[in-house]
Each structure stands twice: as structure tokens, then as C-alpha cells.
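A quick write-up on the structure given underneath.
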Amino acid sequence: MADQDPNQPTYSIGEVREKTGLTSRQIRYYEAMGLIESLRTNGQHRRFTEEMIDRLLTIKELLKEKPSIEAVRQALQQPGAGPPGLSRKKAPALPRYPQLGRQGLTSLYPVSNRADLLAMIQWMEGQKKKKTKKDP
DNA sequence: ATTCTAACA
DNA sequence: TGTTAGTA
């Protein structure tokens, strides 16, 4: 069988916006809500594989029947919720932003959270540097 | 020109 | 959600 192409094509958020009909705002929001993940370039720009695009299309359809992001997230976790032919072995989609919906960390003690800890630290690093347009 | 995050409407 | 500000 053909192995997975290590150079799977990826698309910018602008291309994904055209392919899915979703706005960039929605795409980013769904990611922040943990409905989907995306790749990042060195400059933090999102990249999407075709599978991610399929998932976004699924989310788009699901939102027509499900009234909440919460409901869509649950529907996505159940097998068979997506397009036929695509089987999800895992559903690694949980909110990654400690500030928004849900939390990024569950516990500090198990060192099994290394990835989450690093992600949070990087997020905090980004916060330090950012400028607020409204300074109270 | 495009995207990113945060914040405001 | 859309839009805007200030960056990278």
C-alpha cells in the first residue's frame, strides 16, 4: 500500500476559506473551541491538510443541525460522524487556549502533561509581548 | 499582500 | 459573527 505522503499538501487559511465557504473568523473560532486542530508554520501561520478541510466541512454541516459548539464537538467524537471512507482512530481535539472555553490543563502533577505545559508557556510568552490597544 | 491575536461593535 | 488595530 502507498504510505502517507510525507509532503502532504497544506493550505493557508485563505485557501481554506475559499474551499469551505467559512470565514477565517469561523475557522479560527472553531479551532479555539477545540473542534479542530491546525498546523503552524514557523511564523505561527495556520496550515490545513485536506483531512482538516474535510473536518471543517463536516463541522459546517453539523452546525446546521446542532445548535451549539458543544453539541458539534460531541457529535464529532462519535465514529461515523464524518464523510464515508474516513475513519478517525483518535479524536485529539480539546481546547488549547487556557483562556477560552474549557481549560488546557487538567493537572500539574503528572509529567504526562508536558506538551500542554509547553503549549501554555508558549502562549504566555506571546501574551507578554503583545500590545493592548486599550491600556487601562 | 496575508495572516495572527486581541478586543470592540 | 464581523471588523479593526497593530504585528510579523
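Any value given below was found using the heavy atoms of this structure, including those in side chains, with hydrogens, waters and symmetry copies removed. Here is how names work: the chains are called A, B, and so on, in the same order as the sequence lines, proteins then strands, and each is numbered from 1.
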Sugar-phosphate only, base, or nothing, as touched by [X] at under 4.0 Å among non-hydrogen atoms:
X     : answer
A:Y30 : sugar-phosphate
A:S24 : nothing
A:G43 : nothing

Measuring to OP1 and OP2 of [N], would you say a side-chain N or O of [X] lies under 4.0 angstrom away?
X     : N     : answer
A:R46 : B:dC4 : yes
A:Q26 : C:dT1 : yes
A:R40 : B:dT5 : yes
A:T23 : C:dT1 : no

Testing the 3.5 Å rule here: is there a donor-acceptor pair between the side chains of A:S38 and A:E31? yes
In terms of the nearest nucleotide of DNA chain B, which residue is placed more toward the 5' end: A:E15 or A:R25? A:E15
DNA chain C: stems of at least 3 consecutive Watson-Crick or G-U pairs, cut-off 3.5 Å? B:4-9 with C:1-6
When you measure from the side chain of A:R17, which nucleotide among B:dT3, C:dT3, B:dC4 comes out closest? B:dT3
For A:Y11, which of A:R47, A:E18, A:E50, A:R17 qualifies under side chain to side chain donor-acceptor pair (under 3.5 Å)? A:E50
